[in-house]
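Here's the structure we're looking at; comments come further down.
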Amino acid sequence: MGARLAACLRLVMLSIALPAFAGGATTPTEYRTTLYLFGTLMEITLVGVPAERAEQVTDRLEREFQRMHRDWHAWKLGELSALNARLPSGEWIPISPFVAPLIAHSRPLSRLSNGLFNPAIGALVELWGFHSDELPVGKAPPADAIRRLVAAAPGMDDLELADGRVRAGNPAVQLDFGAFAKGYALDLARETLASLGVGNALLNSGGDLCALGSAADGPWRIGIRHPFQDSLLATLEIDAAECVMTSGNYERYREDQGVRWGHIIDPRTGYPAAEVASSTVVHAQGGLADAAATALAVAGPSEWLNIAARLAVDQVMLVDAAGTVRVSERLAPRLTFPAGSQPPVLVALPPSDTPPQP
Ligand code: AMP
Ligand code: MG
């Protein structure tokens with residue numbers, strides 16, 4: 001997006017213009033900016049930061065996010081798409097310290113998810129038509145093309161990373177970090193905020209969000225969107241460094257005569273995961289929560305708890321295609337469901353032999 005358009009889309013507003021006084025204590029000011037990033041609106045809220053400083057901070061975040069958007073993009077011009085073009089050669093390719101961590105950090109998550117989260121399946125995602133700003137329409141891709149890509153079994157372990165270079169031992173590897181990059185971007189943005197002395201902030205990108213500290217008047221109040229309705233499924237409060245990431249096949253899909261093929265692909269079959277409407281993960285790490293939410297959407301109602309245990313995420317929720325809501329015991333007490341909604345099914349996670357992710 002051009003800088004001018006980005007500037008036009010940038011709406012700055014001071015949500016609480018004046019400090020309020022309650023019982024002698026001062027409520028800090030909230031500064032809120034909405035940016036157009038990663039193809040969606042990102043709302044940045046900073047607490048207790050004077051307006052001029054807050055503008056500098058959000059400018060810095062915006063520059064960093066724009067670079068991520070360009071160089072982490074699977075198919076638009078930038079470092080990752082250039083890398084993808086060269087990966088099938090099997091040669092060593094230089095990789096920058098800006099892109100290499102995506103591979104390094106997502107690889108162990110891919111392993112732990114038993115390959116259900118697999119950023120190496122970019123070719124399948126493209127085959128289904130999701131490497132486009134427009135939603136694809138029309139028949140599913142030919143079954144034999146899907147079968148060929150599944151049989152080629154591209155995986156993150158096919159990549160070798162060494163000395164600022166990378167090479168793929170499997171020519172079918174095409175990297176698409178769509179399931180991980182937003183959460184990881186929010187992790188890096190929180191590091192930037194912390195380095196700039198901002199301790200209370202909320203970064204909310206279309207409902208996927210990470211928080212630092214708390215809001216001006218107490219914990220952050222967060223809404224989790226409903227996969228079938230234009231309303232909230234549940235709300236929760238956050239007053240620590242935590243992220244809430246939701247995956248859903250309702251977000252992006254390919255429509256064919258009333259049939260919707262979602263954008264989350266099951267790497268085992270090559271077809272979109274169809275049993276789950278949405279999956280939500282609450283965790284301190286955005287990248288992990290993002291990858292896990294995608295993995296749980298692929299795993300489906302019969303397997304999701306095992307995959308959650310393997311990934312050591314224990315605050316999880318799944319809405320299946322029939323609308324049944326399942327919530328883990330650790331997350332359930334934190335959620336408030338709208339009055340009159342069907343009570344969720346409480347579920348226990350199996351014991352995990354994976355050490356908890358920090
Ligand atoms: P998310 O919304 O985080 O679940 O990410 C979905 C996006 O990740 C899709 O639009 C694809 O670009 C990519 N993707 C689809 N299926 C997978 C998968 N099984 N593993 C990793 N990335 C995937
Ligand atoms: Mg994800």
Side-chain angles (χ1 to χ4, degrees), residues 38-40 69 72-76 80-81 84 102-103 105-136 141 146 149-150 153-156 159 173-187 205-210 224-225 227 243-254 260-283 285-300 303-304 307-308 311 313 316 318-319:
F38 303 116
T40 176
H69 184 62
W72 295 356
H73 209 288
W75 47 275
K76 285 188 185 167
L80 187 66
S81 62
N84 273 333
L102 287 174
I103 298 176
H105 291 308
S106 64
R107 178 159 34 203
L109 301 177
S110 186
R111 276 184 205 141
L112 287 171
S113 77
N114 286 342
L116 301 189
F117 160 69
N118 181 359
I121 61 163
L124 265 173
V125 178
E126 183 179 14
L127 182 67
W128 277 93
F130 295 112
H131 282 180
S132 161
D133 285 332
E134 313 296 326
L135 287 185
I146 295 173
L149 283 176
V150 173
M156 294 304 285
L159 291 169
V173 170
Q174 287 287 286
L175 293 170
D176 177 333
F177 290 106
F180 173 72
K182 194 193 273 186
Y184 185 57
L186 295 182
D187 286 338
S205 173
D208 289 324
L209 53 93
C210 287
I224 298 171
R225 53 190 189 275
C243 302
V244 181
M245 306 296 293
T246 296
S247 275
N249 262 334
Y250 57 91
E251 288 176 317
R252 281 174 65 72
Y253 46 80
R254 179 188 188 100
R260 285 186 174 180
W261 299 96
H263 68 138
I264 298 169
I265 315 276
D266 185 338
R268 299 167 298 189
T269 62
Y271 282 79
E275 288 180 293
V276 168
S278 75
S279 52
T280 299
V281 176
V282 180
H283 194 274
Q285 287 179 42
L288 168 61
D290 196 351
T294 306
L296 298 185
V298 176
E303 261 190 283
W304 74 298
I307 298 298
L311 283 160
V313 290
V316 291
L318 193 89
V319 184

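Quick caveat, the model's predicted, so the values are computed rather than measured. All ligand and atom numbering here is 1-based and tracks the order in the structure.
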Check: His263 side chain, Tyr250 main-chain N or O, donor-acceptor pair, under 3.5 Å: no
Donor-acceptor contact below 3.5 Å, side chain Lys182 vs main chain Asp208: no
Any side-chain donor near an acceptor of the partner, Thr294 and Ser247, under 3.5 Å: yes
Nearest-0.5 Å distance that lies between atom OG in Ser110 and atom CD1 in Ile103: 12.0 Å
For Glu251, all residues meeting salt bridge (charged side-chain N to carboxylate O under 4.0 Å, His left out), sequence neighbours excluded: Arg225
Gap separating the CH2 atom of Trp75 from the NE2 atom of His131, nearest 0.5 angstrom: 8.0 Å
For Trp72, ring pair (Phe, Tyr, Trp, His ring centres under 6.0 Å) partners two or more places apart: Phe98, Tyr184
Close-range residues for ligand 1, whose non-hydrogen atoms fall below the 4.0 Å threshold: Leu116, Phe117, Asn118, Pro119, Ile121, Val125, Asp176, Gly178, Ala179, Ser247, Glu251, His263, Ile264, Ile265, Pro267, Asp290, Thr294, Val298
Asn118 side-chain N/O to Pro267 backbone N/O, donor-acceptor pair under 3.5 Å: no
Main-chain N/O of Leu116 paired to Asp266 side chain as donor or acceptor, under 3.5 Å: no
Protein N, O or S atoms lying under 2.8 Å from the Mg ion (ligand 2), listed by chain and number: Ala179 O, Asp290 O, Asp290 OD1, Thr294 OG1
